[in-house]
Amino acid sequence: MANIALLIAGGSGQRMHQNIPKQFLTVNERPVIVYTLEAFQNHADIDAIAVVCIEGWDQVLWAYAKQYHITKLQYVIPGGENGQASIRNGVFELEKHYGPDDLVLIHDAIRPMVSSEIISDCIVTTQKCGCAIATIPCAEAMLQTQDGVVSTGSYPRDNLKRTQTPQGFPLGHICDLHRKALDAGITNSVASCTLMIEMGEQVYFSAGSEMNIKLTTIEDIAIFKALLEAKRPEWLAPKADETGGD
């Protein structure tokens with residue numbers, strides 16, 4: 001049974017206010033998407049990588065794969081009009097090449113700090129439970145509001161989870177879910193986990209991390225740089241002064 005990473009890189013990143021899509025921005029002389037690709041490239045249980053890519057950047061992506069030795073990259077797939085359509089394009093393409101019991105881990109390309117432990121737990125939980133959504137506890141007080149200005153109520157944070165990616169599924173199941181969603185007129189669900197719930201299915205949690213941040217704003221890039229300095233991920237090559245000698 002194969003484990004395929006499906007990276008979603010179809011967004012334009014308008015909230016970054018940059019001319020370059022955020023997944024292709026360079027941080028510490030390396031494109032964001034390369035950090036993400038390397039995390040899955042260097043995980044022993046990932047057999048192949050596919051990327052749903054924003055229009056016009058596919059050749060750039062292939063060039064980066066060659067430059068950074070991302071040998072597991074097998075497919076680059078056009079994005080759709082929104083996130084749900086991009087994921088649908090990706091899983092439908094993978095369905096042509098893999099069986100229904102093979103596992104697909106759907107991951108935001110702009111979550112470059114995903115760890116090997118998060119990937120492993122997503123795989124194990126999907127195998128055990130039938131799906132897996134990377135999550136972390138909700139640490140903040142949660143207030144309810146109707147207008148975004150004032151609140152008169154709160155919601156128990158212990159009853160909430162903050163979702164991340166990867167989100168794992170058997171390939172046949174997630175493809176069938178997308179077909180049923182189209183038939184039901186559901187075309188703009190914000191994530192695979194919300195699509196599952198909107199279609200009446202339950203989801204299971206796997207381990208996430210506060211470090212597994214999503215790069216959405218310029219402020220997130222600054223946090224990413226700080227995290228890189230604070231803790232060099234295990235998939236990065238050692239610095240020159242860390243090799244050779246005692």
Would you say that [X] contacts [Y] through its side chain, given a criterion of any heavy-atom pair below 4.5 Å between the two side chains?
| X | Y | result |
| --- | --- | --- |
| Ile186 | Leu195 | yes |
| Phe169 | Ile133 | yes |
| Leu227 | Met113 | yes |
| His107 | Ile118 | no |
| Gln23 | Trp57 | no |
| Tyr98 | Val104 | no |
| Leu105 | Ile123 | yes |
| Ile8 | Ile110 | no |

Fit a plane to each ring of Phe224 and Tyr35, take the angle between them on a 0 to 90° scale, and name the class: parallel (under 30°), tilted (30 to 60°) or perpendicular (over 60°).
->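 Perpendicular: the ring planes of Phe224 and Tyr35 meet at over 60°.
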Point-to-point distance, once rounded to the nearest 0.5 Å, from [atom1] of [X] to [atom2] of [Y]:
| X | Y | atom1 | atom2 | value |
| --- | --- | --- | --- | --- |
| Ile136 | Gln164 | CD1 | CD | 4.5 Å |
| Ile223 | Met211 | CD1 | CE | 11.5 Å |
| Tyr204 | Cys122 | OH | SG | 15.0 Å |
| Cys131 | His173 | SG | NE2 | 7.5 Å |

Tyr155 and Leu143: side-chain contact (heavy atoms from CB on, under 4.5 Å), yes or no, with the steps?
-> CA-CA 6 Å; Tyr155 195 88; Leu143 300 183; over 6 Å; no
Glu93 and Arg88: CA distance, side-chain angles, deciding distance, salt bridge (charged side-chain N to carboxylate O under 4.0 Å, His left out) verdict | CA-CA 8 Å; Glu93 178 62 30; Arg88 183 173 63 243; over 6 Å; no
Any chance you could lay out the side chain to side chain donor-acceptor pair (under 3.5 Å) test for Ser151 and Gln144, step after step, and finish with the verdict?
-> CA-CA 6 Å; Ser151 174; Gln144 298 170 331; over 6 Å; no
May I have the step-by-step check of side-chain contact (heavy atoms from CB on, under 4.5 Å) for His178 and Val91, ending in yes or no?
-> CA-CA 9 Å; His178 275 277; Val91 296; 4.1 Å; yes
I'd like to know if [X] and [Y] make a salt bridge, using a cut-off of under 4.0 Å between side-chain N and carboxylate O.
| X | Y | value |
| --- | --- | --- |
| Arg162 | Glu210 | yes |
| Lys180 | Asp183 | no |
| Glu38 | Lys72 | no |

Given Gln127 and Met1, is the side-chain contact (heavy atoms from CB on, under 4.5 Å) satisfied, shown in steps?
-> CA-CA 10 Å; Gln127 290 171 336; Met1 188 168 64; 4.0 Å; yes
Donor-acceptor pair, Asn42 side chain versus Ala39 backbone, under 3.5 Å?
->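 Judged by distance alone, no pair lies under 3.5 Å.
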Derivation and outcome, side-chain contact (heavy atoms from CB on, under 4.5 Å), residues Val114 and Phe40 = CA-CA 9 Å; Val114 60; Phe40 290 94; 3.9 Å; yes
Closest non-hydrogen atom pair between Thr126 and Ala132, with its separation =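 What the structure gives for the nearest pair is OG1-CB, 3.2 Å.
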Applying side chain to side chain contact (heavy atoms under 4.5 Å, CB included) between Val51 and each of Leu37, Leu6, Ile70, Thr36, report the one that passes.
->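 Between Val51 and the candidates, side chain to side chain contact (heavy atoms under 4.5 Å, CB included) is satisfied uniquely by Leu37.
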